[in-house]
Amino acid sequence: MKVSTSKLFGFLVFLFFYNCQAFPHYKFVVKEVPYTKLCSTKNILTVNGQFPGPTLYVNKGDTIVVDVYNRGKYNITIHWHGVLQPRNPWSDGPEHITQCAIQPGAKFRQKIIFTTEEGTLWWHAHSTWLRTTVHGALIIYPKTGTSYPFPKPDAEIPIILGDWWKEDIMELYEILERNGDDVQFNSEAFLINGQPGDLCPCSKPETFKLKVNRGSTYLLRIVNSILVDSLFFSVANHTVTVVGSDASYLKPFKTSFIFLPAGQTVDVLLEANQSPNHYYMAASVYSIRDIGDYNNSTTTAIVEYNGNYTPSSPPVFPDLPSHSDTGAGLNFTASLRSLADKEHPVDVPMEINTHLFYTLSINAPCKNHSCPDGKIRTLASVNNISFINPSIDILQAYYCCIHGVYGANFPDFPQLWFDFAAEVYPMDWEIPQLGTEVKMLDYNSTVELVFQGTNLLRGSDHPMHLHGYHFYVVGLGMGNFDKDKDPLMYNLVDPPVQNTIHVPKIGWVAIRFKATNPGVWYMHCHFDHHMVWGMDTVFIVKDGESPEAKMLPPPPDMPPC
């Protein structure tokens, strides 16, 4: 393994500053503790014994250090979802991509660099299915001396939407990895701030309650941390004002419900302007699967007005869209618009030099001779390539010029064009290639990427997440993308800035970004079973010419493979 003299010098300089600079410091101890839900107790993996994990509070532009101690029995990594981490993929967190896992008994210091993010993000485990219980909110306040672009709320409350599995989550993961079938089991309950709500057995005393004063306004910072589901969310008899998503401000708009794809965050203002009473806030699934193939439960919390009155019993319940209301989800997403004012400008790339078109498919199982480790499993793919995790992480291989770990031939377009919305396909079209292929991008290149959902085998929606970047969502629609007509309808004036976007089954989404963050950056579906099946790939953004356009060297304590 050869490392150039300039990289060695850069590493020594980085090591000096890494150890000598004083940043706010946090300690994450990953360990198992017993938790009781739904009338039974089991051990779950937590951070600092908390579920959900601790909320971190920073200001825009801060840098923090988090020491992660693995006191559990599984390998683990931590990802800072939506944090750009400029030039610093070493602390991004996805196993096999930017690091090898933190092994039991080991420690890893992660440096988290915040820049333009402002609003709500979250952190979570990014190895196997451990993020089910290892996750928490990231609250990014405006810089000191600046304020929100809306009246300051009277209080702010993180609302973390999660799920609870009675089974051991690692046993389920191992079944999925070993057998590969679409898991016909679902979580037993969804959660609001760690609680199923009083509609579930043995859950009433612990139901999360939000006490409000009539006339006050509350900023709800909502995170969808659920493993394999997107959700609708609503508060009975109240409209909310959407003001942000994925740590970026939006033009405010009122709505009776919000749609949260897996992995996304939404900030809303709740005005306590109704008659004093008890009102349910509730979340239920969005799914295009058949009844019985998804979690059909509804999680609840209670908004309780302060004062003397006799509350309704039970509390007033909200109207939520039906589980398969694709139009409701699509219309909500289409309503998002960037604030696009003087203090929060947009910079949408107008001249595109890199056009990409990625099809997203659930595929037929591979056969013994072509499966990883000889296992028969269901596959998923991007452009008909099902991603295989390498033996060492791609970032290390790229930085140290280790050959044979990955290929650089990920296709810009699908090799086979067809009617992606068709009901029936030839069997050959359902069998993907397997490989560890990445897409190389030149520094400063301008990228338009169209995600196209397909109906192959068993079509699905896909919340696609890109590490290391925020992107502009310039267009979306149903059916097949039309390269001649659909771009004419793009929003290039105030498109929303996201890090995760919902791609509907047999629908499309167009995003744009400028490749100004050198490094190795993961892109994947945030339904974790789709990611296990191979619906992921990697962007490697090359260094630019100036020192400020080059990737930082690794920290001294990268976990070994």
Side-chain angles (χ1 to χ4, degrees), residues 52-64 66 77-94 97-98 110-126 131 134-142 158-162 220-226 230 242-250 258 260-268 333 336 338-339 344 346 449 463-473 495-502 509 511-514 516-517 519-528 531 536 539 541:
T55 297
L56 298 186
Y57 297 88
V58 301
N59 286 92
K60 182 178 180 179
D62 283 355
T63 295
I64 64 173
V66 180
T77 66
I78 302 293
H79 168 53
W80 313 92
H81 185 113
V83 181
L84 295 180
Q85 291 281 47
R87 304 193 296 135
N88 185 36
W90 305 101
S91 286
D92 189 47
I97 308 302
T98 62
Q110 293 184 263
K111 185 177 180 182
I112 321 305
I113 304 169
F114 296 89
T115 50
T116 60
E117 306 90 349
E118 187 173 334
T120 306
L121 294 173
W122 62 303
W123 58 265
H124 61 80
H126 212 305
R131 77 171 176 87
V134 180
H135 60 255
L138 271 172
I139 308 303
I140 307 151
Y141 293 122
I159 301 291
I160 300 179
L161 305 177
L220 306 185
R221 297 178 175 274
I222 309 171
V223 177
N224 183 357
S225 73
I226 291 172
S230 299
V242 178
V243 293
S245 177
D246 283 359
S248 182
Y249 292 122
L250 298 168
I258 65 173
L260 284 111
Q264 203 171 72
T265 69
V266 175
D267 293 342
V268 302
T333 303
L336 307 182
S338 283
L339 203 53
H344 308 89
V346 298
L449 167 55
M464 299 303 296
H465 172 49
L466 176 59
H467 293 221
Y469 283 88
H470 297 162
F471 49 76
Y472 293 99
V473 181
V497 179
Q498 307 271 226
N499 63 63
T500 306
I501 188 62
H502 173 255
V509 173
I511 68 171
R512 289 185 176 186
F513 63 95
K514 191 173 184 179
T516 54
N517 191 8
V520 172
W521 305 108
Y522 199 25
M523 188 197 77
H524 61 92
C525 180
H526 224 278
F527 289 157
D528 277 30
M531 183 170 59
D536 36 345
F539 288 108
V541 180

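Remember, it's a predicted structure, so these values are computed and weren't measured experimentally.
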Pairwise side-chain contact, Tyr249 with Asp267, heavy-atom cut-off 4.5 Å (strictly under):
no

Would a 4.5 Å heavy-atom cut-off, applied to side chains only, mark Tyr469 and Val541 as touching?
yes

N/O donor-acceptor pair under 3.5 Å between [X] side chain and [Y] backbone:
| X | Y | value |
| --- | --- | --- |
| Thr120 | Ile139 | no |
| Asn517 | Arg87 | yes |
| His79 | Asp92 | yes |
| Asn88 | Ile113 | no |
| Gln264 | Ala262 | no |
| Thr77 | His126 | yes |
| Thr98 | Trp90 | no |
| Asn59 | Pro142 | yes |
| His470 | Gly82 | yes |
| Arg131 | Ile226 | yes |

How long is the span from the [atom1] atom in [X] to the [atom2] atom in [Y], to the nearest 0.5 Å?
| X | Y | atom1 | atom2 | value |
| --- | --- | --- | --- | --- |
| Leu84 | Glu117 | CG | CD | 4.0 Å |
| Thr333 | Ile258 | OG1 | CD1 | 11.0 Å |
| Ser245 | Leu260 | OG | CG | 7.5 Å |
| Gln85 | Thr115 | CD | OG1 | 9.0 Å |
| Arg221 | Leu138 | CZ | CG | 11.0 Å |

Between Phe114 and Ile64, does a side-chain contact (heavy atoms from CB on, under 4.5 Å) hold up when you go through it step by step?
CA-CA 8 Å; Phe114 296 89; Ile64 64 173; 4.0 Å; yes

Any luck finding a side-chain donor-acceptor pair between Asp246 and Gln498 under 3.5 Å?
yes

Side-chain donor-acceptor pair under 3.5 Å between Tyr522 and Asp536, yes or no?
yes

Name the one of His524, His467, His526 that satisfies ring-ring contact (aromatic ring centres under 6.0 Å, His included) with His81?
His526

Starting from the C-alpha separation in whole Å, work towards a yes-or-no answer on side-chain contact (heavy atoms from CB on, under 4.5 Å) for Asn499 and Leu121.
CA-CA 10 Å; Asn499 63 63; Leu121 294 173; 3.7 Å; yes

Closest non-hydrogen atom pair, [X] against [Y]:
| X | Y | value |
| --- | --- | --- |
| Val66 | Trp80 | CG2-CH2, 3.8 Å |
| Leu466 | Phe539 | CD1-CD1, 3.6 Å |
| Val83 | Ile112 | CG1-CG2, 4.0 Å |
| Trp123 | Ile78 | CE3-CG2, 4.2 Å |
| Ser230 | Pro261 | OG-CA, 3.2 Å |
| Val497 | Ser248 | CB-OG, 3.6 Å |

